[in-house]
Structure formats: C-alpha cells, structure tokens
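Shown next, in structure tokens, is the structure this report addresses.
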Number of protein chains: 2
Amino acid sequence: MTEPSLSVSPADIEAAARTVAPFAVRTPLLSFPVLNSRVGATVFLKPEMLQRTGSFKFRGAFNKLSSIPQAARRGGVVAFSSGNHAQGVAAAAQILNMQATIVMPKDAPLSKRERTKAYGAEVVLYDRDREDREAISRDIATRRGATLVKPYDDPLVIAGQGTAGREIAEDMAALRLAPDIVVAPASGGGLIAGVATAVKARFPQASVIVAEPEAFDDHSRSLRAGQREPHHAEGRTICDALMATIPGELTFAINGKLLSHGVTATDTEVGAAVAFAFRELKLVVEPGGAVGLAALLAGRIDAEGKTVVIVLSGGNVDADLYAKLIA
Amino acid sequence: MTEPSLSVSPADIEAAARTVAPFAVRTPLLSFPVLNSRVGATVFLKPEMLQRTGSFKFRGAFNKLSSIPQAARRGGVVAFSSGNHAQGVAAAAQILNMQATIVMPKDAPLSKRERTKAYGAEVVLYDRDREDREAISRDIATRRGATLVKPYDDPLVIAGQGTAGREIAEDMAALRLAPDIVVAPASGGGLIAGVATAVKARFPQASVIVAEPEAFDDHSRSLRAGQREPHHAEGRTICDALMATIPGELTFAINGKLLSHGVTATDTEVGAAVAFAFRELKLVVEPGGAVGLAALLAGRIDAEGKTVVIVLSGGNVDADLYAKLIA
C-alpha cells in the first residue's frame with residue numbers, strides 16, 4: 001500500500017527553485033553565538049525578512065504568476081491581503097509585466113498600502129465589517145479575466161514557499177549538519193508545508209514544528225485533533241501576518257502528515273523576541289515573523305543540545321509599533 | 001626599487017583569519033534588489049552588525065588578544081572605548097579567559113556599559129572633561145601588568161579587521177565578480193586599512209573609498225593632503241563610533257597608499273540611511289555603521305553601472321535614538 005501522494009512534491013519545489021532563482025534573494029543561514037549560548041543549542045536562523053519585499057511571500061507569488069499562460073497574463077492578477085502576500089504578488093507582477101489588483105481592508109496600515117502601490121499594483125479598499133473580500137476579489141477576477149492568487153491553498157504557492165526550505169536543507173548539508181528541529185510560523189500554513197516537504201525529503205528524521213500566536217493556535221489544535229480545527233477563541237494578536245483562523249485544506253493535507261507538533265507564544269513573548277532580535281541579532285523582524293524565535297526564547301521548544309533551524313518569516317513592521325516593542 | 005613594506009600584509013590577514021575563524025561569525029555578503037534599483041548599481045553589503053558583539057571590532061580584538069603570550073595573559077587587558085571596541089575586547093577576553101578592564105566615559109550610554117559588563121569586563125569610568133583616558137589606561141596597565149589593546153594603531157588589530165575584507169574578496173571571487181568600488185567607514189582607520197589590504201591583494205583594480213561623517217572628515221582631508229590631517233572643525237555627529245579626530249599613524253601609512261579617496265555624509269543623510277536599512281533592508285545599522293550606505297544613497301559615490309561593496313560596520317544603537325531615526 002502506498003500513501004496517497006501529497007499535492008506538492010520535492011520535485012515541484014526543485015522546479016520552483018529554478019523558476020524563482022533569477023529574482024528571489026537566496027537568503028543565507030545565519031548563526032549567532034549570543035543566541036546559541038542563551039538557549040544551549042546550535043541555532044541557525046533563516047532570515048526571510050531579507051527576501052525581496054521583506055518576507056518569504058515573494059517566493060510563492062512569483063512561482064504562481066510565472067505559471068500563468070501568456071494568453072491569460074493580459075488579464076492580470078488579483079489577490080486579497082493586508083500585508084506580505086500583497087507585496088509579494090505586486091512585486092512578482094511588476095517583474096512579469098502583469099497588472100496586479102490587491103484588495104485590502106480600509107484600515108490596513110498606510111505603509112503597507114503605500115508599499116503595495118510602489119510595486120505598481122492597484123489597491124482596492126473594502127470595509128472589513130460590511131464587505132466580503134473574497135467576493136470582491138472574485139468579481140474583479142471575473143470582470144477583468146484576472147487570475148486569483150490565493151495566499152496559501154495553491155500547490156504552486158506552496159512549492160514556491162518551499163524553496164526557503166530547500167535552501168535550508170542545502171545549506172545544512174554543506175555545513176555537514178543535520179537539523180534535529182526546524183521551526184516556521186503558520187497562518188494558512190503554506191510556508192511550513194513547503195518547508196516541511198523540502199526539509200524532510202533530505203532530512204527525514206528532522207522534527208518540523210509549527211509556531212503560532214497563542215490566540216491563533218489552529219495548527220497546533222488541528223495537529224492534535226488530526227483534522228482541521230479553528231483556533232480556540234476570538235483571538236487578538238500583534239502578529240498581524242498570522243491571523244488565519246483555520247489551516248488551509250491543501251496545506252493541512254501536507255502539514256498533518258509531515259509536522260511534529262505546534263508551539264505557541266504570547267504577544268508579550270513575541271514582543272520580547274522582536275526586541276531581542278533588535279538588540280542582539282540586529283535584524284528587523286515583524287511580530288508574526290518572530291513567533292518561532294519567541295517560542296525558542298521562552299523555552300517552549302526542547303532545543304537543548306540540539307541543532308535547530310528557525311525561520312524568521314518577515315520584517316514588515318511599522319516604525320511606531322517597532323519603536324514601542326524595542327523600548 | 002621596491003616600496004617600503006607596509007606593517008600589515010595579506011599573509012598577516014590570512015593568519016588572522018585562521019585565528020578568528022573558530023569564534024568570529026563569517027558574515028555573508030547580502031544583495032537587495034530594492035537597493036540595486038535605487039542606485040542603478042550591483043551592490044553587495046557586508047553586514048558586520050551580524051558579527052559577534054554587533055560590530056567588526058571583535059575581529060581585531062580577538063586577533064590581538066590571541067597573540068598575547070600565556071605568561072602575560074594573567075595580567076589581563078585594558079582598553080579605552082565608549083563603544084564597539086569595548087565590547088570587542090571584553091568578548092575576546094571572556095573567550096580567552098582573560099580579565100578585561102575597559103575605561104569608559106561617565107556619560108557613555110548605559111546600554112553600552114551594561115553590554116560591556118555582560119561580557120565579564122570591569123568598567124572604570126572617567127570624567128571626559130577633567131581626566132585623560134589614555135593616562136588612566138596606561139596606569140592600569142602598569143599596576144596590573146595588563147596589556148593595552150589599542151583600538152586601531154596595532155598591526156594585529158588591523159589584520160583582524162582585515163578578515164572582513166578577506167571574506168569580501170573570497171565571496172566576490174566565488175560569485176565570479178570583481179568589485180569596482182569597496183566602501184568602508186573610518187574612525188581611526190583600522191577597518192578600512194585591513195579591508196583595503198585584503199581586497200586589493202585579490203582585486204588590485206578596485207577603488208577602496210573611505211566614508212566619514214561630514215564633521216569628521218579627517219581621512220578625506222588627509223588623503224587629499226597626502227599626510228595625516230585632523231578634521232576641519234570642532235565637529236558634532238550622530239556617528240558616535242566615528243569620532244577619532246585624526247587618522248592613525250600605522251593605519252594611514254596603509255590607507256595613504258591604498259585608498260582612492262574619501263566621501264562624506266551629513267547627519268541627516270546618515271539618519272536617512274539608518275531608516276532606509278530599517279524599512280527596506282530589515283537590518284539594524286548604527287549611525288556610524290551606515291555612513292557608507294548614506295554616501296551611496298546621497299549620490300556621493302560614482303556607482304552607476306558598477307559593482308559596489310559597502311561595509312556596514314556595526315549595529316549597536318540605543319533604542320530611543322533608533323526610534324527617532326526611523327520615525
């Protein structure tokens with residue numbers, strides 16, 4: 001008996017790596033003596049805030065957009081996002097000479113609207129309380145013949161995000177080290193699904209752990225339940241990038257098989273991790289990008305004596321919030 | 001006729017690289033599409049804020065301290081510094097099990113005092129207006145049999161800082177690229193002397209340019225004059241790491257031969273570069289570490305169409321000043 005095959009294979013990620021290579025930054029693996037001695041482990045950070053657009057999202061967006069046939073490219077693309085996916089799609093569309101329309105909530109931070117527009121995208125605002133962003137996006141897609149670019153539940157998006165995991169695996173192999181633990185944050189779960197697929201193809205014994213805000217612990221709960229479960233309550237978190245309420249369908253089909261378990265961090269712990277990264281690592285990490293580091297620093301990961309890789313997924317944080325967190 | 005040999009050779013830097021390798025971070029070369037398109041050049045950043053202690057200073061300090069004979073190590077080391085050199089010496093001493101005494105001004109930022117103490121150093125405070133830090137340091141050296149670790153005018157310190165340049169040269173060669181321009185900041189000139197020695201050994205045609213705050217332009221003036229000259233006036237700058245008033249003797253013997261010329265940046269331009277690095281590069285750069293980037297962004301470097309390497313020398317900046325600069 002063979003397992004039913006998952007929607008994304010290591011070969012898909014290898015193909016994505018070839019597609020994104022000319023435009024995505026190959027981010028390094030970084031190590032910091034101060035972090036190693038703090039947690040008693042050999043830790044490597046994958047700094048995706050150094051990626052084009054300031055988060056990993058460019059990888060999946062560019063891989064997806066590159067797959068759109070020439071004839072369909074004239075219709076452009078549409079995506080709904082208030083943050084990093086918006087910038088990833090906009091930047092990928094700009095490179096590929098496609099029109100991008102991004103549906104954003106009216107209360108999205110001005111800086112994120114401006115950054116999205118700076119990549120040449122048209123921004124359509126909607127009222128978070130009274131309008132349905134998916135319906136608006138589908139309507140734009142139908143009227144313009146645009147391709148809807150989902151943030152995570154798409155095999156090409158997952159494969160694109162997986163290129164970060166493939167780089168981790170390559171770099172660890174070059175160092176002649178095998179990771180015991182790999183940690184990445186999840187909102188819809190696209191990043192960690194791709195990372196787990198790539199890492200476990202090369203290091204099957206590695207535990208891949210999902211990190212989430214305490215109030216958006218839907219992956220942790222779903223992994224325990226063995227099926228997709230929403231987070232436990234109406235949550236609030238400073239991790240604006242990690243507010244999906246339930247794991248994706250395609251992503252959880254992968255994550256349910258490949259992930260070990262989930263860990264969470266409180267907003268206070270996330271803020272402390274952002275400040276630690278400022279003070280000791282000199283890296284600008286946004287709250288959602290720091291949740292894995294937060295869980296590590298808070299002792300929520302059994303890391304002692306192990307080789308651990310933590311994905312820092314992005315660094316798009318407004319200056320005023322950042323100033324408060326590092327104070 | 002042969003030129004009189006300089007006090008630091010590429011072979012000295014190779015030896016230093018072997019000495020520091022087990023403890024110094026080998027920082028990567030980073031590239032950012034957003035920076036390349038902004039300045040119309042192929043730019044690589046050498047992010048020395050990712051180095052142990054948050055600046056390049058650990059390299060030179062560790063190389064120097066490693067050279068102290070066992071018998072003399074019991075006396076410990078003494079250094080005067082209000083900033084990055086203090087931390088570099090303290091961290092190197094901690095690794096080598098030596099006692100470090102750091103002479104710091106009473107008005108040094110509390111965070112820098114605390115960070116220096118955290119590496120196990122004893123901090124001796126002095127009154128900047130009424131006491132002579134060099135005399136205090138020499139007195140401690142005499143009484144305790146401690147070795148004085150100069151911040152730049154020492155061949156072993158220069159060779160240690162040069163390991164950053166050696167890594168630049170290796171990484172550029174691996175990319176099959178030759179740098180047209182390499183830029184590094186200078187206070188006493190140890191970093192750029194080491195970087196120039198290493199880079200020009202491999203890429204003799206590269207122009208090595210020193211970057212300084214406008215008010216502390218002593219290297220720029222000295223290069224024009226062909227001899228050591230102090231900066232032009234009683235200066236003020238936010239670049240607290242770059243406030244030496246005249247180039248070092250040993251360093252200028254090297255820099256006068258190897259550097260192309262100097263460029264300067266105003267405090268406003270430096271602040272804008274710190275904010276650009278926060279917003280677009282997601283790197284925490286201190287003002288003194290950003291002066292080369294500031295000169296590039298301000299159009300002071302003839303970079304268009306060229307391959308340019310900029311050393312970002314450190315990231316030790318207080319949270320309150322940082323919050324003001326990125327606002």
Side-chain angles (χ1 to χ4, degrees), chain A residues 22-38 45 47-55 58 62 87 91 94-95 111 114-115 118-119 171 175 274-286 289 312-327, chain B residues 22-38 45 47-55 58 62 87 91 94-95 111 114-115 118-119 171 175 274-286 289 312-327:
Chain A
F23 298 100
V25 172
R26 196 189 186 295
T27 56
L29 267 189
L30 301 177
S31 74
F32 295 88
V34 65
L35 178 57
N36 291 346
S37 61
R38 165 83 176 255
L45 301 178
E48 282 294 299
M49 76 286 284
L50 305 181
Q51 184 54 262
R52 193 189 277 264
T53 73
S55 90
F58 175 76
F62 189 82
Q87 293 175 55
Q94 187 175 49
I95 291 169
S111 70
E114 294 304 322
R115 284 178 70 91
Y119 291 114
D171 289 357
L175 292 166
V274 170
F276 179 87
F278 164 76
R279 202 174 55 243
E280 303 292 346
L281 313 180
K282 315 301 180 187
L283 293 172
V284 178
V285 195
E286 66 182 280
L312 305 177
S313 52
N316 290 318
V317 52
D318 281 356
D320 54 351
L321 173 60
Y322 195 71
K324 277 179 209 145
L325 294 177
I326 65 174
Chain B
F23 297 101
V25 172
R26 195 189 188 294
T27 57
L29 267 189
L30 301 176
S31 74
F32 294 89
V34 64
L35 178 57
N36 291 346
S37 61
R38 164 83 177 254
L45 301 179
E48 282 295 300
M49 75 285 286
L50 305 182
Q51 184 54 261
R52 195 189 274 264
T53 72
S55 89
F58 175 77
F62 189 83
Q87 294 175 55
Q94 187 175 49
I95 291 169
S111 70
E114 294 304 320
R115 285 178 69 91
Y119 291 113
D171 289 356
L175 292 166
V274 170
F276 179 87
F278 164 76
R279 204 173 54 242
E280 303 292 346
L281 313 180
K282 315 302 178 186
L283 293 171
V284 178
V285 196
E286 66 182 279
L312 305 177
S313 52
N316 290 319
V317 53
D318 282 356
D320 55 350
L321 172 59
Y322 195 70
K324 277 179 208 145
L325 294 176
I326 66 174

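So you know, we letter chains A, B, ... as the sequences are listed, proteins then strands, and number each from 1.
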Output every pair passing side-chain hydrogen bond (donor to acceptor under 3.5 Å, both in side chains) with a member in residues 317-327 of chain A, not counting sequence neighbours, ordered by first then second residue. A:Ser111-A:Asp318

Residue selection (most heavy-atom pairs with chain A, distance under 4.5 Å) from B:Leu283, B:Thr53, B:Val34, B:Val284: B:Val284

Which atom pair, heavy atoms only, marks the closest approach of A:Gln87 to A:Arg115? OE1-NE, 2.8 Å

Give, as side chain, backbone, both or neither, the part of B:Val285 having an atom under 4.5 angstrom from any heavy atom of chain A. neither

Among the options B:Pro28, B:Pro33, B:Ala323, pick out the one with the most heavy-atom pairs lying under 4.5 Å from chain A. B:Pro33

Is the closest side-chain donor-acceptor distance between B:Ser313 and B:Glu48 under 3.5 Å? no

Cut-off 4.5 Å, heavy atoms of chain A, and the answer for B:Leu30 is side chain

For B:Val25, is it the side chain, the backbone, both or neither that has a heavy atom under 4.5 Å from a heavy atom of chain A? side chain

Using the test side-chain hydrogen bond (donor to acceptor under 3.5 Å, both in side chains), find all partners of A:Arg26 that sit at least two apart in sequence or belong to another chain. A:Glu170, A:Asp171

Taking the side chain as every heavy atom from C-beta outward, state whether B:Arg38 and B:Phe276 have any pair of such atoms under 4.5 Å apart. yes

